[in-house]
Each structure stands twice: as structure tokens, then as C-alpha cells.
Amino acid sequence: MDDLFHVSKTSSTRQLLLSTLKDLGYSTVELLLTPLQFGIPNSRLRYYLLAKMTPLTFPCKSGQREQKIWRHIPGHGNDWLDTRLDSLDSDDAVEHLSKYLDEDVESNEPHQHVVSDRVLQKWGKLFDIVKPNSQRTCCFTRGDQLAFNSVRSQVDID
Amino acid sequence: MFNDFSRAQTAGEPDAVRLLDPLRLRYFSPTELLRLFQFEGSSDLSSTSDDKPISFIWPDDISKKTKYKLIGNSVNVKVVTALIEYLFQSE
């Protein structure tokens, strides 16, 4: 199962789900992971819940109580630490966004995915703007998806 | 630059938005988002391997809006792969 953590953490649904799974004989592992831990320049922190039916069990869980929320996959790697505050050096472990971008077509025409003036006027100040050398992107979608040009990371090509 | 834009906009300048032109702002394309979500072999782009990563193919009749929506509701393939591998790992 995957979910937004802020939803899961505060809701009684999570506790109910966990206790129900336990009653049914499942062993569970809860995790909070970001693609950044896997070297991908996208934050997208998500809550994951894994469950296995007894007698199957999860490795590396000895001594850990059910309520722990792992910040890395047990036995694989470490917790992800936000390095932004530590130094201005780039994080070697995360790829640059440029690797993920389409090739730029030299053209005088507006870009196919250009942000319209109307959107800029209304939402310009709220955009999350990233550059090709960024190592992080976020918020690709917002709650209401009536318009495909909802607030997403923008790429600023220079 | 955004402060200038903000100021100009508050002052009611009709061309305030032109101040943002040098940034050449654009959205990510659906393909770029697919790469970020690891639906395509993005990490192999720079490798010299001849093995072309398998591309994700959209149905023909799907709109751009729907593409964004579907990607937004999806999961990161690489993260989920690691989770499934962990799930099937025995003690």
C-alpha cells in the first residue's frame, strides 16, 4: 500500500488497518521513503505498508516493534538525510535532473509545454522552479487535477 | 526576479508577466515525468550499452491531461521494485 504520509500519520485509519492486519495474522512493515534515497532527483516522500501472512516474516526485524516507521528498507542502505542544510556541495548520490529531460529543440516557437501567461499571472509566485542541474523536484500534481497545468515543478532552461 | 514580477504585478503593470520571460519556464513533459518515475530506463541514458531500455507506450487516444493525472497517481517504479524485492526476501 502507498499513501501520503501526512494523511496516514494522523488518521485513525492507519491504526485500524494495522490492528486489523495483525488480527488477521499478518506481520507488517511501515516505511517512509523518498526516491532521493535511490538516486532519483524527485522528493515525493511516500508512506508504504508491507504485509506478510504468518508464518512468513520480514528479515531484519528482530527486536523492532511494530510501531517503528522505517526510513530505509531494513537491511538495505541507510536513512536518508537531508544534506541541503549541511553544505552547499551537491550530493553525489543523486542524479542531476538534466539526465531525465527531453532533448531541447532549437526553435523560435514557444515550447510545447510552455507555461501560459494566464497561469503565470495567477500562480507564478507559487511555482516550484527547478533547473536542469537540480537534484530535486517535487509537487507534480495538486489535489484538483481539473487542469493539466496544475502546479508542478517547472524547468527553467538557461 | 520573482520579487520584481510581484512588485510590477501589484503595481498593476500590464506587462508584468514579461519579466519572467528570461526564465523560459515550462512544465515537465509526460515523457520526462515517466523517466523520473523510472518507467523508462532513465539511469541508462548515458551508458554506452546498445540495449535500448524498454519504453513505456501510451495508448493513442489518451489526452495530455490524462497522462499527467495518471503519472501523478502512480508510484516510483524503482522504489516499489526495491520494496517488492524486500517483500520476497526470506529470513
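Chain naming here is simple, since letters A, B, ... match the order of the sequence lines and numbering starts at 1 in each.
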Next on the checklist: I'd like to know if A/K99 and B/E32 make a salt bridge, using a cut-off of under 4.0 Å between side-chain N and carboxylate O.
Outcome noted: no

Checklist entry - Between A/V114 and B/L25, what is the shortest heavy-atom contact and its length? => result CG2-O, 3.8 Å

Next on the checklist: Counting only non-hydrogen atoms closer than 4.5 Å, does B/T81 touch chain A with its backbone (N, CA, C, O), its side chain (CB onward), both, or neither?
Outcome noted: neither

Item to check | Residues forming a side-chain contact (heavy atoms from CB on, under 4.5 Å) with B/S63, sequence neighbours excluded | outcome: B/K65, B/T66

Next on the checklist: Taking salt bridge (Lys or Arg N to Asp or Glu O under 4.0 Å) as the definition, give me every residue that meets it alongside B/R18, ordered by chain and number, with sequence neighbours left out.
Outcome noted: A/D117, B/D21

Checklist entry - Tell me, side chain or backbone of B/L87 under 4.5 Å from chain A's heavy atoms, or both, or neither? => result both

Checklist entry - Which atoms of A/Y48 come close to chain B, meaning under 4.5 Å heavy atom to heavy atom: side chain ones, backbone ones, both, or neither? => result side chain

